[in-house]
Amino acid sequence: MNENDLSGYSNPKPPLSPTIALLPFKSGNTWWRHAYQLFRAFPARWLAIGVSFFLLTNVSLLILDLIGLGFFGVFLSLILPCFIAGLISCAWSQLQNTPPSIHQLLNGFKANTRALIGIGASCFLVMIVLFVLVGVIAGRLGIPLQEFMNTIAEANFDKTQLSAFYQEHLWQILTIFSIVALVASVVGMVEWFATMVVVFLNQGMVLSMVLATKALFKNWRAFLVWGLMPVIAFVGFEIVMMMLLAVAALLGGAAVTLLTAIGVIAFVVVMFLTLSIGMPLSLFVAYCDMFHHDEKVF
């Protein structure tokens, strides 16, 4: 699709046997570029949608935990795919030349709700099993993970302040956490793509999760590039900020405080735009590329 033309695309008919395209590794970069094009067409609307999605799926969990109702966070985990379905429906409507709007975030509760909740429950159970396995493995290695987390938080991640035991097992512990982070990322992306398969291809929960997993591993090179792009951007951002702070240190006075405050605000804004808007839109573009490749959506 022409980068300035978001009209003329209608909802496709679900294929009887969904196929998944094998995409070149550079597609991972292209997904971010097309996500930016979607955002640029309606920036104010997408900011409002992104803030609303963040409040519904993240801030609400924190509030429930603070008021002693953390158990209801499980319920929010189950219905997360419903909100994901609403978010991606905003992007889909934009391709049909209809401006996205906040009320579409509730579209996931209007159809295929049972399958969407099933996806949320399945991903939640996978994460529970993962954490149980991590606890068992850590226990067999004699590593108390909870105590380690408390200790390393108090030490502000300064290795020199950790006990000899933790210093000795540090790499084992970091390996465990790295594996958990990797598996959690895969589970999260399966949840997003399975949701889109349910919504757009009208498939059941099990088949949707199978297709989503297959799509991820079939295009792992493209997703590797996709994941590296924000990392590279953040590293570049940090380098620029370090240079500005070095200049501020030479100037002295209020310049250091001002540039530090600007840096913190800029970092928060960039993180929000990337995680709450850029990432969902880029995953939507990736879905279109993999499951509707022949229709040339983008």
Side-chain angles (χ1 to χ4, degrees), residues 1 3 6 18-41 43 46 49-50 53-54 57-58 80-81 83-85 87-92 94-95 100 119 123 126-127 178-201 208-239 267 269-298:
M1 174 178 290
E3 66 179 26
L6 297 173
T19 58
I20 302 168
L22 176 61
L23 304 171
F25 71 91
K26 64 180 181 181
S27 296
N29 179 46
T30 304
W31 297 336
W32 286 105
R33 180 163 54 86
H34 286 305
Y36 172 70
Q37 292 166 9
L38 289 169
F39 171 77
R40 187 180 62 181
W46 277 114
I49 292 169
F53 182 77
F54 181 76
T57 59
N58 291 276
L80 176 60
F83 289 119
I84 294 175
L87 181 62
I88 60 179
S89 72
C90 296
W92 194 269
Q94 185 172 334
L95 293 183
I119 291 172
C123 292
V126 169
M127 292 305 302
S178 297
I179 293 174
V180 170
L182 177 61
V183 175
S185 298
V186 172
V187 172
M189 293 174 70
V190 167
E191 186 171 26
W192 276 80
F193 286 115
T195 296
M196 287 185 267
V197 172
V198 167
V199 172
F200 299 132
L201 298 181
S208 295
M209 297 189 71
V210 170
L211 290 172
T213 305
K214 183 179 178 181
L216 282 174
F217 285 99
K218 187 174 184 178
N219 291 283
W220 68 270
R221 296 176 183 83
F223 281 105
L224 180 61
V225 174
W226 172 82
L228 286 175
M229 295 310 297
V231 173
I232 294 173
F234 284 132
V235 170
F237 176 82
E238 289 298 322
I239 292 175
F267 179 77
V269 171
V270 170
M271 284 289 291
F272 169 76
L273 290 175
T274 301
L275 298 179
S276 295
I277 301 177
M279 191 170 289
L281 287 179
S282 62
L283 291 178
F284 168 74
V285 176
Y287 162 82
C288 292
D289 263 4
M290 292 188 297
F291 289 92
H292 302 284
H293 186 69
D294 294 336
E295 300 169 54
K296 305 297 181 185
V297 180
F298 289 94

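Starting from 1, each residue takes its place in the sequence as its number.
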Would you tabulate the side-chain donor-acceptor contacts of residues 213-220 under 3.5 Å, counting partners in other chains and residues two or more places apart, or write 'none'?
{"unit_1": "Thr213", "atom_1": "OG1", "unit_2": "Met209", "atom_2": "O", "d": "2.8"}
{"unit_1": "Lys218", "atom_1": "NZ", "unit_2": "Ile20", "atom_2": "O", "d": "2.6"}
{"unit_1": "Asn219", "atom_1": "OD1", "unit_2": "Leu23", "atom_2": "N", "d": "2.7"}
{"unit_1": "Asn219", "atom_1": "ND2", "unit_2": "Ala21", "atom_2": "O", "d": "3.1"}
{"unit_1": "Asn219", "atom_1": "ND2", "unit_2": "Ala215", "atom_2": "O", "d": "3.3"}

Report the residues that fulfil side chain to side chain donor-acceptor pair (under 3.5 Å) with Trp31, sequence neighbours left out, ordered by chain and then residue number.
Asp289
Within 6.0 Å of CZ in Phe25, more than 12 heavy atoms from elsewhere:
no
Rounded to the nearest 0.5 Å, the CD1 atom of Ile88 sits from the CG atom of Leu283 at a distance of 10.0 Å
Would you find more than 12 non-hydrogen atoms of other residues, nucleotides or ligands less than 6.0 Å from Tyr36 atom OH?
no
What distance separates Met290 CE from Met196 CE, expressed to the nearest 0.5 Å?
7.0 Å
Kindly indicate whether the side chain of Thr195, heavy atoms from C-beta on, has any atom under 4.5 Å from the side chain of Leu80.
no
Value for CZ (Phe284) from CG (Leu87), rounded to nearest 0.5 Å, stands at 10.0 Å
Go through it in stages, so that I can follow the logic: the residues are Gln94 and Trp46, the test is side chain to side chain donor-acceptor pair (under 3.5 Å), and I'd like the CA-CA distance, side-chain angles, deciding distance and then a yes or no.
CA-CA 11 Å; Gln94 185 172 334; Trp46 277 114; 2.8 Å; yes
Testing Tyr287, Trp192, Phe193 one by one against Phe223 for a ring pair (Phe, Tyr, Trp, His ring centres under 6.0 Å), which residue passes?
Phe193
To the nearest 0.5 Å, atom CZ of Phe200 lies from atom CZ of Phe291 at 12.0 Å
What's the shortest heavy-atom distance between Ala194 and Ser208, and which atoms?
O-CB, 3.6 Å
According to side chain to side chain donor-acceptor pair (under 3.5 Å), who are the partners of Ser282, at least two apart in sequence or on a separate chain?
Trp226
Please walk me through it: do Trp32 and Val285 pass side chain to side chain contact (heavy atoms under 4.5 Å, CB included)?
CA-CA 8 Å; Trp32 286 105; Val285 176; over 6 Å; no
Specify the closest pair of heavy atoms between Ala212 and Val190, including all atoms of both residues, with the distance to one decimal.
CB-O, 3.7 Å
Within the structure provided, determine whether Ser89 and Val199 are in side-chain contact (heavy-atom separation under 4.5 Å).
no
If you take all heavy atoms of Ala222 and Ser27, which pair is closest and at what distance?
CB-CB, 4.3 Å
What's the shortest heavy-atom distance between Val187 and Cys123, and which atoms?
CG1-CB, 3.8 Å
Output for pair (Ile277 CD1, Leu281 CG), nearest 0.5 Å, gives 7.5 Å
Here the gap from Met229 atom CE to Arg33 atom CZ, rounded to the nearest 0.5 Å, amounts to 10.5 Å
